[in-house]
Amino acid sequence: MKKFLSIIAVATMVSATGCIKDKDFLNQKPPAILTPDEAFRTPADAFSVLSNLYVRQLDFSSLDNGWESFVGFGESFPSNAGSAWIVRDSEWGYGDWGNWDYGYIREMNLFLKRCEESKTLETKDKTQLLAEGRLLRANFYFELTKRMGGVPLILEPLRYDFSGDPTYLQYPRSKESEMYDFVISEMEAIKDQLPVRAITANPVTGRATKGAALAIQARAALYAGSIAKYGAKAPEVTLPGGEIGIPVNLANGYYTKALAAAEAIINGQAGEYGLYKKNTTNLSENFASMFLDKSGNPEAIWVEDYKLKSGRVHGYTLSNQPRYGSEEEEGGRINPSLNLVEAFEMLDNSFAPLAVKDGGGNPILYTNPLQLFEGRDARLHGTIITPGSTFKGRPVDIWAGYRLANGTIVTSDQRGGIKDLPGREKVPVVGLDGPIDGLEFVAQSGFYIRKYLDPAAGAGSRGTQSEVAFMRYRFAEVLLNAAEAAFELGQPDVAAGYLNQVRARAGLTTALVGANVTFDRIVHERRIELAFEGHTLFDMKRWRLAHTKWDGTPLSEAELISNLGSATRRNTQPWALWPYKVYNPGSPDDGKWYFQRKLLSWVTGARRFRMGNYYSNIGTGILANNPKIVRQPNQ
Amino acid sequence: MKIRFQYIIALAIGTLLFACKKDNYDPPGSRVSGKVLYKGEPIGLKFNDVTFELFQYGFGKVGALGQVFDQEGNFNLLLFNGDYKLVIPNGQGPWLPKGTGGKPDSLDLRVNGAGELNLEVTPYYMIRTPQLAAANGKINATFKVEQVVTGVDARAIENVALYVNKTSYVGQGGDFNDGETVLAGGAIVDLNNIALSVNVPTYPTTQNYVYARVGLKIAGLEDRIYSPVVKINL
């Protein structure tokens, strides 16, 4: 009887809950998936779709892309044992930096189609949302073109019909010039549909504005112009179909467009953008805080934004904060190289290596390590933490050891390691920030990075992290783009004017005149102003200088300190500068500092950029799927 | 604990039944080897630098099997029997590309057992009669350069260089030489009489021999032509 009772109970439950009509049984609306109509009902709904597309934009160096994306190319040294390959390897893989994210492109195309089809969005909102979507799509195609050259330009969401014949989905690669034409014309078409950002007292914005559209247009046109003009320096990097390489006769047209778009921003047609000059007394501090200031920052044109306690934070400061006094037991990873430090100009616009040795080869003594770096471009201390400088009000402790009167060096292989000196017992003989060769997280190159380093409390702790925004496009780059375009168009005076604006902010008040503006000057100015902002590789690629700069030959000390302003100078290995203190009680030299250039033991490779590295390899899977895809040259 | 033999026997039988050799493929067993030649003479290349690709058809999607020539221009493949296509991608190798219309040079290949396959190419230049010897702490080299490709396809010499290295991997780049002397193409007076010399590097542990070779860079081409690697006793 009990058995029957339970059977009846189960039957009752089944009939009570399983009472949906048969035809509806499998026809349930999933509660977790929104239909296009629902997702594009209000501007807020549509924007939440768009925000996902914003976050997936591709940057070369970006704050949430890992500190490693900032390092390498001879400009810095990775002070992290797991990343020593960056300076041990000589060659880059042919597939490095490649991207083929057509999944993302499809979703942007779907966004544009569905947003367009929405019946409930008002025209005004729809126009702006569509313009933003198009900006993201075009900027992503720009990023793809920088890496891959011409790629299939797909502007519709494609759908497979399961007929067994996918040939109608196979698109050939567009010409490289067509890619740039697309980016330029898209920006031209949407720039007036985007809002003009009011800067004064407004926080920076990650959303697309008219300024962003013009800045992308200027940069894209400049890239296209320089690929056209300098393509002849690497004639083997072309394809007969134009997928790689731009004819030289198009160069001036592109430079003209670049100059026009950049000048539209400079002349205020896109809003009140300008150079960040809030701190006029300390130009280095001003330069450093330009990257940190998120309110009323006229420099920021388009940023990738972060926010504390929202889940969207980044660990850049955690990875790179000075190790001594850091908020976690790590930091100090990006060590700018001496190669870069030597390149900062003197205030009279001349180049001079750091005065480390006198004419006789003897080390020059300094009472304060900062004296070595005096009289240089203010961006040096705004970009790099040198021995003797401070971060968050705390001096960094970078020195490699004591030199005794007899020339012996006393040092230790631990941070702040303690040893006996003649006449003094148990004193630290090396700085708490190193440098110690082979010890990670200390300033092995003698320097730490300052750019983007967040001084806010907690920014260096794993639990809090940082909300500093990444500057994708900023005003100084627009000025440099304008200067380069003007120079290439034979207007050196115009170029000098724009360069002078950027340089004056860095304390270089001796104005350049047209005759001073050379190609090397332009290359140098971009290297200094835009260091660690993801430009190095792409600049060297578009000027076709990469195979000259990274030619696989080790960099000697003599080369390191000569031809500092030359665009073609070798940069295959990062060098270090180690400060030492003199220990000689009773002598006037006691406690003074001297410096030594040094190649660290991890640096065993010498970077070689092969012709096949100019454009990243297209995967064999992609080539097998689509026979219309032309392969890259030299691979 | 009591050992239960019936389980062990069952396991053993199971192993015998299912781990049969017949379930597995044979490993590739056909050895195809060869070298790049110009009129029967080998062409020296840089280690791991000049690539070629093999495609095998008949198994769904076709992807390249990437391969490289070694320093003497040799290659050595262990393949399954079947139909292959051997492709030298555009821009690879210091020779005149044979492909037309942007298509790379390719060769259909039927593999059936071991065999030899020599690839005849037309290099832009050949390094002739290289003589390398050590004297007074230097490595001296004399050689001739013969221009093979003339006419519209001719390419200039960008430079010639003498490389010396501790190991037998010798070529351009810091990983492949400890010393080099480069002579720009424009500075060559007589192609039939080129002399270069380079200092013998000093090593922390003394070694009474070094390896050296001569390389030639062709303008507008990345891959260099090299002479054979020579071991020189000091």
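All figures in this text were calculated on a predicted structure; none of them were measured in a lab. Just so we're on the same page: letters track the sequence lines, and every chain starts at 1.
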Please indicate whether A:Tyr230 has more than 12 foreign heavy atoms, meaning atoms of other residues, nucleotides or ligands, lying under 6.0 Å from its OH.
yes

For A:Tyr160, look at atom OH and say whether over 12 heavy atoms of other residues, nucleotides or ligands are found less than 6.0 Å away.
yes

Search all heavy atoms of A:Phe609 against all heavy atoms of B:Glu222 and return the closest pair with its distance.
O-OE2, 4.4 Å

I need the B:Phe55 CZ to A:Thr620 OG1 distance, nearest 0.5 Å.
8.5 Å

Could you tell me which non-hydrogen atom of B:Gly220 sits nearest to which non-hydrogen atom of A:Pro235, and how far apart they are?
CA-CG, 4.3 Å

Please determine whether the number of non-hydrogen atoms from other residues, nucleotides or ligands lying under 6.0 Å from atom CG of A:Asp165 exceeds 12.
yes

As an exercise: rank A:Glu91, A:Lys233, A:Glu236, A:His547 by heavy-atom pairs under 4.5 Å with chain B and give me the winner.
A:Glu236

Over all heavy atoms of both residues, which pair between A:Ala606 and B:Asp175 is shortest? Give the atoms and the distance, please.
N-OD1, 4.3 Å

Between B:Gln172 and A:Asp551, which heavy-atom pair has the shortest distance, and what is it?
NE2-O, 3.0 Å

CG/B:Asn90 to CG/A:Leu239 distance, rounded to the nearest 0.5 angstrom?
8.0 Å

Can you tell me if A:Asn563 has over 12 outside heavy atoms packed within less than 6.0 Å of its CG?
no

If you draw a 6.0 Å radius around NZ in B:Lys217, do more than 12 non-hydrogen atoms from other residues or ligands fall strictly inside?
yes

Looking only at heavy atoms, which two atoms of A:Pro554 and B:Gly174 are closest? And how far apart?
CD-CA, 3.5 Å

Is the CZ atom of B:Arg128 crowded by more than 12 outside heavy atoms at less than 6.0 Å?
yes

Considering residues at least two apart in sequence or located in another chain, which fulfil the side chain to side chain donor-acceptor pair (under 3.5 Å) criterion with A:Lys598?
none

Counting only heavy atoms not in B:Lys166, do more than 12 sit closer than 6.0 Å to its NZ atom?
yes

What part of A:Thr604 gets closer than 4.5 Å to chain B, counting heavy atoms only: side chain, backbone, both or neither?
backbone

Do A:Arg610 and B:Asp223 meet the salt-bridge criterion of a basic N to acidic O distance under 4.0 Å?
no

Region of A:Gln573 in contact with chain B, defined by heavy-atom distances below 4.5 Å
neither

